[in-house]
Amino acid sequence: DMGGHDTYMHKEISEQADAVDRVLRGRIDDRFSTVHLGGLNLDAREARGVRRIKILGCGTSYHAGQIGAQLIEELARIPADAEPASEFRYRNPVVDPDTLYVAVSQSGETYDVLAAVQELKRKGARVLGVVNVVGSAIAREADGGTYVHAGPEVCVVSTKCFTNTVVAFALLALHLGRIRDLSVADGKRIIDGLRRLPEQISEILGREDEIKRLAAEYADAKSMMFIGRVRGYPVAREASLKLKEVSYIHAEAYPASELKHGPLALIEPAMPTVAIVPDDDLLEKNRAAMEEIKARSGRILAVAHQVQEKADHTIVVPKNENELDPILMGIPLQLFAYHTALAMGRDIDKPRNLAKSVTVE
Ligand code: F6R
């Protein structure tokens, strides 16, 4: 049942305020400015012994894991990174007993992720799952973990599950941080930020008409460039994937800092750029990148916390705590991909060549 929406993608994008509310519910502990994640199966002493975190997933879940790795580094100061599960399992990885492995999956059935988990367990590693579908293969195989509580996601293209997965990682990062060196004040700051998310998501979704008009402005593009730095980069990658999947417009994502090392050669009016420009300590660097693009007559659509003069258009999103900004900045670009695809008459819920869960190698 699409509940009045024309597609599941639209329904699922629209559900995100409620979905985020669900992943937060019952987990926040104001007394200790932390969160409780019931199924982690990792006590405080074990959590203190973790030296490194390796996050494994595919596609959108991998991108959510990249943001998750940044959140863990920022809040818990544990070295963390994300890698596509398929790459990991085929490179005979060094499995280290002090590393905590985290498998991320909406369906919980993605074969490459499952196989990576099985290989890790065979080598004696501890693996947590960050999974949406309760009781799925990856959830069962993992030593513990947390459910993402996005609810059923029907559209092949993942939207609300991406957002909820990132929020779940924020909870995990906060939990680990408060066991280690994150202060009470910072814990409280992040909790307050998390609580603001549902309302801020509703505010972004309320701008759908504006985003639809912008999608029409850029619909003539043959190809689009997505750029961001650090917190903005995984957002750019995910937005680029969303656009490709549903509209079949070619898109690339680059760290803004890498533009001058090659991709700047592509910039011309027919290749517009979407720039993720959070109001953080990299704002000036992002402005400089936009200036370089303008100097090559590139068009720019910015997603930012304030109107960007260097950009042709800005989608202004509400500001949260710096660490949590990536959760919100991708949401307008889900709508952007959706409206671009809709205007092109694409089969939005079932893009060609794709399946909801990839249970083959
Ligand atoms: C993107 C998309 C895919 C999946 C990927 C992993 O919109 O749907 O990239 O994210 O196939 O799927 P899960 O998360 O089920 O493991």
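Every number for a ligand or one of its atoms is a count from 1 in the order of the listing.
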Using heavy atoms and a cut-off under 4.0 Å, could you grab the residues that are in contact with ligand 1, chain by chain, numbers ascending?
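Residues near ligand 1: C58, G59, T60, S61, S105, Q106, S107, T110, V156, V157, S158, K242, E245.
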I'd like to know if the side chain of N320 reaches the main chain of D325, judged simply by a donor and an acceptor atom lying under 3.5 Å from each other, with no hydrogens or angles considered.
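Side chain of N320 to backbone of D325: no pair is present.
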Ring pair (Phe, Tyr, Trp, His ring centres under 6.0 Å) contacts in which one or both residues fall within residues 4-59, not counting sequence neighbours:
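Qualifying pairs: H5-H10, H10-Y338.
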Mind running side-chain hydrogen bond (donor to acceptor under 3.5 Å, both in side chains) on Q16 and T163 for me, showing each step along the way?
CA-CA 7 Å; Q16 291 177 102; T163 303; 2.6 Å; yes
Would E291 and K310 pass as an ion pair if we require N to O under 4.0 Å?
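Here E291 pairs with K310 in a salt bridge, since their nearest N and O are under 4.0 Å apart.
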Starting from L282 and following side-chain heavy-atom contacts under 4.5 Å between hydrophobic residues (I, L, V, M, F, W, Y), which residues can be reached?
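Its cluster mates, by chain and number, are V230.
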Of all residues at least two apart in sequence or in a different chain, which pass the side-chain contact (heavy atoms from CB on, under 4.5 Å) check with P269?
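If we apply the side-chain contact (heavy atoms from CB on, under 4.5 Å) test to P269, skipping adjacent residues, the hits are S297.
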